[in-house]
Number of protein chains: 2
Amino acid sequence: MSQNGVGVDLETSLGYLLKEASSALRAAMEAVLRPLGMSVTHYSCLELLAQRPGLSNSELARGAFVTRQTMNVLLQNLEREGYVTRPAEAPVGKALPTRLTPSGRRSLEEATVAVRSVELRMLAGMTETERSAALRILRSMVHSLRDGSDGAPLQERRKA
Amino acid sequence: MSQNGVGVDLETSLGYLLKEASSALRAAMEAVLRPLGMSVTHYSCLELLAQRPGLSNSELARGAFVTRQTMNVLLQNLEREGYVTRPAEAPVGKALPTRLTPSGRRSLEEATVAVRSVELRMLAGMTETERSAALRILRSMVHSLRDGSDGAPLQERRKA
DNA sequence: TGACTCATGTCAGGATTCTGACATAGGTTG
DNA sequence: CAACCTATGTCAGAATCCTGACATGAGTCA
């Protein structure tokens, strides 16, 4: 179907490859999480809470790369199903610190082994040197993209 | 807000970093495409058609990492607005080869310079060696993820 | 030839996510 | 203190995308 022999520079674009890799990772994670009745955002939320207990709704949203509205409905579901708990009143400000329940922790453990297998498969065939190089390169990309996304292109940034 | 001093291994996870980088890239692309009234999928479709004229709806969908239903409604819009053309009848099979109109090509040119600036910003601070390493590593990830996503975990695969 | 399988285009319905908006809490600055 | 700004939680509506389904065309194989 439609000779791909043209072979243009789509495969040499780092942006396209980044999207392709991210898409493949998401698909693989969805495949292993589906049997557990869990979505990727679902899992991300639980994993974030396990590693940083007491995160607020907005912080979880930033960590899972969704809007705080989306995270809010997810948290409401998780709370109703007994996987997380939030205090009825904010101890300070308006932020409600969220925590995993024992049930949530058990649910997460199942998912963690599934997701870890995906990450191990992704890293298969890469040397330790390549893995650390990948870490450094991806961090560089994130940093460069965030730098100029809001106005000043290449300016020193003050405070943080 | 919520001391991040805990510092767990979220920042050392290649999967998380991959998602973070992809999310940052998408946000940056949306930011520069919005003034042109164009979405990322919109642009991806036009770019694919420029590099591989005559792609079908399903092929475009795979190239842009969306379902063919999603790409179909996008193509219908683009066709109505005069950016692409599709024959009324399929020359062979059911696939309708899609092509850019001159109007579509002009629209794409604007977007291309905007997107290229984002990609250049993303690559800023990386050496040529690092860029080729990134290409190789990302390709490896995609390949490893796709390999075991459908059944056989670590088996030899026959005929491609 | 006929049955089977696969890919494609398309329609309809539902699920997910986002955009817009509002009220409130806390910090900052005059 | 008062005005302002930022961040947060939450509600409502809209946009986006996907899942399910159907009919059709082409290739495969007995």
Side-chain angles (χ1 to χ4, degrees), chain A residues 1-4 19 22-23 26-27 29-31 33-34 37-45 54-80 84-99 150 158-160, chain B residues 1-4 19 22-23 26-27 29-31 33-34 37-45 48 54-80 84-99 150 159-160:
Chain A
M1 42 202 73
S2 103
Q3 66 297 348
N4 294 26
K19 189 172 179 180
S22 178
S23 173
R26 183 173 195 88
M29 286 179 65
E30 280 172 352
L33 288 176
R34 192 187 325 272
M38 206 179 290
S39 76
V40 174
T41 309
H42 191 126
Y43 160 76
S44 301
C45 177
L55 282 188
S56 71
N57 174 34
S58 291
E59 292 169 322
L60 286 169
R62 282 193 292 269
F65 311 108
V66 295
T67 62
R68 62 181 195 267
Q69 293 89 334
T70 299
M71 182 56 71
N72 194 33
V73 305
L74 174 60
L75 277 184
Q76 285 172 351
N77 291 341
L78 291 178
E79 195 172 13
R80 175 160 30 81
V84 305
T85 54
R86 286 192 289 182
E89 295 185 2
V92 55
K94 293 192 68 179
L96 299 175
T98 313
R99 293 185 178 278
D150 59 335
R158 33 200 113 278
K159 85 174 292 297
Chain B
M1 41 204 72
S2 103
Q3 67 294 347
N4 295 26
K19 188 172 180 179
S22 178
S23 172
R26 183 172 195 87
M29 287 180 65
E30 281 172 352
L33 288 176
R34 193 186 325 272
M38 206 178 291
S39 76
V40 174
T41 309
H42 190 126
Y43 159 77
S44 301
C45 177
L48 280 164
L55 280 189
S56 72
N57 174 34
S58 291
E59 292 169 323
L60 286 168
R62 282 191 292 267
F65 310 107
V66 294
T67 62
R68 60 181 197 260
Q69 292 90 333
T70 299
M71 182 56 71
N72 194 32
V73 306
L74 174 59
L75 277 184
Q76 285 171 352
N77 291 341
L78 291 178
E79 195 172 13
R80 175 159 30 81
V84 305
T85 53
R86 285 191 290 182
E89 295 184 3
V92 55
K94 293 193 67 177
L96 300 175
T98 313
R99 293 185 178 277
D150 59 333
K159 85 175 291 298

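Throughout, protein chains are lettered first and strands after them, A, B, ... in sequence-line order, and every chain is numbered starting at 1.
Residue contacts for B:Ser39: at a heavy-atom cut-off of 4.0 Å it reaches no nucleic acid atom on any strand shown.
We find the OG1-CD distance between A:Thr98 and A:Glu79 to be 7.5 Å, quoted to the nearest 0.5 Å. To the nearest 0.5 angstrom, B:Leu33 atom CG is 10.5 Å from B:Thr41 atom OG1. We find the OG-NZ distance between A:Ser58 and A:Lys94 to be 10.0 Å, quoted to the nearest 0.5 Å. Of the inter-residue distances, the one linking B:Leu48 atom CG with B:Arg62 atom CZ reads 11.5 Å to the nearest 0.5 angstrom. Put simply, CZ on B:Arg26 and OG on B:Ser39 are 7.5 Å apart, with the number rounded to the nearest 0.5 Å. With rounding to the nearest 0.5 Å, the separation of OG in B:Ser56 from CZ in B:Arg86 is 9.5 Å.
Judged by distance alone, the side chain of A:Ser23 and the main-chain N or O of A:Lys19 form no donor-acceptor pair under 3.5 Å.
When the nearest nucleotides of DNA chain C are assigned to B:Glu30 and B:Pro97 by heavy-atom distance, the more 5′-ward of the two goes with B:Pro97. The residue among A:Ser58 and A:Arg34 whose nearest nucleotide of DNA chain D lies closer to the 5′ end is A:Ser58.
Between A:Leu55 atom CG and D:dT8 atom C1' there is a gap of 14 Å when expressed in whole angstrom units. Rounded to an integer number of Å, the gap from CE of A:Met38 to P of C:dT16 is 14 Å. Following rounding to the nearest Å, B:Glu89 (CD) and D:dA26 (P) show an atom-to-atom distance of 12 Å. Atom CD in A:Glu59 sits about 12 Å away from atom P in D:dA7, given to the nearest Å. Protein atom CG of A:Leu96 is 12 Å distant from nucleotide atom C1' of C:dT24, rounded to whole Å.
Shortest non-hydrogen contact noted between A:Glu30 and A:Val40 is CG-CG2, 3.7 Å. Nearest heavy-atom pair, A:Leu75 versus A:Asn57, reported as atom, atom and distance to 0.1 Å: CD1-OD1, 3.7 Å. Here the closest non-hydrogen pair linking B:Met71 and B:Ala64 is CE-CB, 3.7 Å.
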Using the rule given for side-chain contact (heavy atoms from CB on, under 4.5 Å), can you reason through A:Gln76 versus A:Asn72, listing the C-alpha separation, both sets of side-chain angles and the distance that settles it, and then say yes or no? CA-CA 6 Å; A:Gln76 285 172 351; A:Asn72 194 33; 3.6 Å; yes
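Residues of residues 63-76 of chain B having a heavy atom closer than 4.0 Å to DNA chain C, listed by number: B:Arg68, B:Gln69, B:Asn72, B:Gln76.
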Dot-bracket for DNA chain C, 5' to 3', with Watson-Crick and G-U pairs under 3.5 Å, [ ] for crossing pairs and | for other-strand pairs: what is it? ||||||||||||||||||||||||||||||
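A close approach under 4.0 Å does occur between a side-chain nitrogen or oxygen of B:Asn57 and OP1 or OP2 of C:dG9. Using a 4.0 Å cut-off, no side-chain N or O of A:Arg26 falls inside it from OP1 or OP2 of D:dC18.
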Please list each protein N or O that sits under 3.5 Å from an N or O in nucleotides 26-28 of chain C, with the distance.
residue : atom : partner : partner atom : Å
C:dG26  : OP1  : A:Gly93 : N            : 3.2

